[in-house]
Amino acid sequence: MKKITLIIFLFIILVSISACKKDTTSLNTTTEANETTTVEIDEFKEDMLEYRLSKDLDFYYVSSAYETNIEELEIPTFHNNLPVRYIERFEKFYNLKKMIIPETIYGIDSSIYSFCNNFEYNEYNDGLYLGTKDNPYFYFYKPKSVKSETITIHNDTKIIGNECFLNNTKLRTINLPDGLKRIGYSAFMSALNITNISLPDSIEFIDVQAFSYCKALTNITIPKHIKIISEASFVNCNSLNSVTLNDEVETIMLGAFQGCTALSTITIPASIKNLYDKAFYDCTKLYTLYIDSESALNANSNSSIYDYARDLYVKDGLELNDYLNTLFKLDESIIIDGYTHYKTIK
């Protein structure tokens, strides 16, 4: 009987030990599962951005890859050893409140935060900004109110964002800081009441349609470091009567000054290498041209800059090509130092 009792007792102890081992195993399995889940979450966070390679394979666009509840986000500077330049839509980041952008950024979709109802911008003088780690005012995103008539951009701002003043009919004066580097596409498009704007020489690039349809704009001086005047930059600025090009600009793109019907004279500097057809299309009062560029004289019937010209002043040493000789004839009655004058045959 004692032996039976002892056997039963030993059996109970073994069962208890086995149960404890099972509990311990279960706990370990749960812990390992949690650790695995944590790793997966970290990887998940790294993968929540979707990257799109540019056409020229030299930079990336970034956007949200899937829905997430994150509230803060830092955009990486590089992806696969290439810079991240443009931020596209974040329609899946509903709870996003804060974002740090890299200094490599050139542009941000103007409607990127339309789905982020609680997003917090950096504010200064009626403007909303996005910042890098070290500069909270790096990127001017949009005005705080579309009713502001005067806005002074923060001194540390490097980029004026895409479409930030699009269709703004109240803005009359904007003060841009020295140190500004870029103006985004359609930034001032149809800002109808801006009469003049001083562009600091620090600006290196003005994107397409940046000042298109600014119908009250009367004069513009292209900053000295701008090499390309982008497509349709000043299209249909029909009060624009004075354009000063710098001595470094190399290319004037398609439609850059199309429809500037108040423009009566312009000097094309020697630095110009590419003058695209229709760059000055429908400039119906562009009567007087000063041509310092040999490339600008390689004209054909599509070269709109000569469509309405009456007086052509060509830098001494340069010659008209065959096509231009059918439009203009030498006129020695007008002498301007350094130039040869030609009169239209029309």
Side-chain angles (χ1 to χ4, degrees), residues 107-111 113-114 121 123-130 137 139-155 157-203 205-223 226 229-245 252-253 255-266 279-286:
I108 300 174
D109 191 300
S110 59
S111 61
Y113 302 114
S114 57
Y121 300 92
E123 296 187 20
Y124 172 79
N125 190 248
D126 291 332
L128 301 178
Y129 296 79
L130 295 169
Y137 305 105
Y139 189 99
F140 180 87
Y141 184 65
K142 63 179 180 179
K144 188 175 180 180
S145 170
V146 295
K147 296 181 179 180
S148 300
E149 293 188 3
T150 301
I151 289 183
T152 297
I153 303 298
H154 195 280
N155 283 337
T157 300
K158 303 302 179 186
I159 298 176
I160 300 296
N162 302 332
E163 299 182 343
C164 57
F165 293 103
L166 177 66
N167 296 325
N168 189 311
T169 59
K170 297 295 184 181
L171 184 67
R172 295 181 180 275
T173 303
I174 183 161
N175 301 308
L176 302 177
D178 293 333
L180 188 69
K181 296 296 184 183
R182 297 177 67 91
I183 295 179
Y185 68 79
S186 302
F188 295 92
M189 183 178 183
S190 295
L192 299 179
N193 287 308
I194 294 181
T195 57
N196 60 74
I197 185 169
S198 179
L199 301 178
D201 278 335
S202 56
I203 295 177
F205 186 74
I206 298 174
D207 215 333
V208 298
Q209 296 183 325
F211 295 95
S212 59
Y213 296 92
C214 287
K215 293 184 177 294
L217 186 66
T218 59
N219 63 85
I220 199 74
T221 297
I222 304 300
I226 295 288
I229 301 180
S230 299
E231 292 183 15
S233 293
F234 299 93
V235 67
N236 287 340
C237 293
N238 49 25
S239 295
L240 189 64
N241 57 43
S242 175
V243 173
T244 303
L245 303 177
I252 304 179
M253 296 293 290
F257 295 96
Q258 178 177 332
C260 293
T261 53
L263 187 62
S264 61
T265 183
I266 194 166
F280 292 89
Y281 181 75
D282 204 26
C283 292
T284 55
K285 293 183 180 178
L286 188 53

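For the numbers below, each heavy atom of this structure counts, side chains included, while hydrogens, waters and symmetry mates do not.
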Seminar exercise, completed: From the list Leu171, Thr173, Asn125, side chain to side chain contact (heavy atoms under 4.5 Å, CB included) partner of Thr150 resolves to Thr173
Problem set entry | Full working for side-chain contact (heavy atoms from CB on, under 4.5 Å) between Tyr129 and His154 | CA-CA 9 Å; Tyr129 296 79; His154 195 280; 3.8 Å; yes
Exercise. Using the benzene-type ring in the case of Trp, are the ring centres of Phe257 and Phe211 under 6.0 Å apart?
Worked result: no
Seminar exercise, completed: Residues Cys283 and Gly259: closest non-hydrogen pair is SG-N, 4.3 Å
Exercise. Checking side-chain contact (heavy atoms from CB on, under 4.5 Å) for the pair Asp109/Asn162: CA distance, chi angles, key distance, verdict?
Worked result: CA-CA 7 Å; Asp109 191 300; Asn162 302 332; over 6 Å; no
For this session: Return yes if some donor-acceptor pair links the side-chain N/O of Ser264 with the main-chain N/O of Leu286 below 3.5 Å, else return no.
Result: no
Exercise. Which pair of non-hydrogen atoms, one from Ser202 and one from Lys181, has the smallest distance, and what is that distance?
Worked result: O-CD, 3.8 Å
For this session: Could you tell me the separation between the CG atom of Leu176 and the CD1 atom of Ile160, rounded to the nearest 0.5 Å?
Result: 5.5 Å
Exercise. How many angstroms lie between atom SG of Cys237 and atom CD1 of Ile220, to the nearest 0.5 angstrom?
Worked result: 8.5 Å
For this session: Apply side-chain hydrogen bond (donor to acceptor under 3.5 Å, both in side chains) to Asn238 and list each qualifying residue two or more places apart in sequence or on a separate chain.
Result: none
Problem set entry | Rounded distance (nearest 0.5 Å) linking atom OG of Ser212 with atom CD of Gln258 | 11.0 Å
For this session: Calculate, to the nearest 0.5 Å, the distance between atoms CD1 and CD1 belonging to Ile159 and Ile153 respectively.
Result: 12.5 Å
Problem set entry | Heavy-atom donor-acceptor pair, Thr157 side chain to Tyr137 backbone, under 3.5 Å | yes
Seminar exercise, completed: Residues Pro143 and Asn168: closest non-hydrogen pair is CG-ND2, 4.4 Å
Exercise. If we ignore angles and hydrogens, is there a donor and acceptor under 3.5 Å between the side chains of Asn219 and Ser242?
Worked result: no
Exercise. Mind checking whether Asp201 and Asp178 have side chains closer than 4.5 Å, heavy atoms only?
Worked result: no
For this session: Apply side-chain contact (heavy atoms from CB on, under 4.5 Å) to the pair Phe234 and Ile222, showing each step before the final yes or no.
Result: CA-CA 11 Å; Phe234 299 93; Ile222 304 300; 4.0 Å; yes
Problem set entry | Spacing of OG1 belonging to Thr244 relative to CD1 belonging to Ile266, to within rounding of 0.5 Å | 8.0 Å
Exercise. Does some side-chain heavy atom of Leu128 sit less than 4.5 Å from a side-chain heavy atom of Glu123?
Worked result: yes
For this session: Quick one: list whatever passes side-chain hydrogen bond (donor to acceptor under 3.5 Å, both in side chains) with Asn155, sequence neighbours left out.
Result: none
Do any side-chain atoms of residues 182-198 form donor-acceptor pairs under 3.5 angstrom with protein atoms, and if so which ones, sequence neighbours left out?
| unit_1 | atom_1 | unit_2 | atom_2 | d |
| --- | --- | --- | --- | --- |
| Ser186 | OG | Gln209 | OE1 | 3.3 |
| Asn193 | ND2 | Thr169 | O | 2.4 |

Exercise. Is the Tyr141 to Tyr121 ring centre distance short of 6.0 Å?
Worked result: yes
Exercise. Hey, is NZ on Lys215 packed in by over 12 heavy atoms from elsewhere, all under 6.0 Å?
Worked result: yes
For this session: Please name the pair of heavy atoms, one in Gly179 and one in Lys158, separated by the smallest distance, quoted to 0.1 Å.
Result: O-CD, 3.4 Å
Problem set entry | side-chain contact (heavy atoms from CB on, under 4.5 Å) between Ile174 and Phe165, worked out | CA-CA 11 Å; Ile174 183 161; Phe165 293 103; 3.5 Å; yes
Exercise. How long is the span from the CD1 atom in Ile151 to the CG atom in Asp126, to the nearest 0.5 Å?
Worked result: 6.0 Å
For this session: Give the minimum heavy-atom separation between Gly161 and Cys164, together with the two atoms involved.
Result: O-SG, 3.2 Å
For this session: Could you tell me which non-hydrogen atom of Ile252 sits nearest to which non-hydrogen atom of Ala256, and how far apart they are?
Result: CG2-CB, 3.7 Å
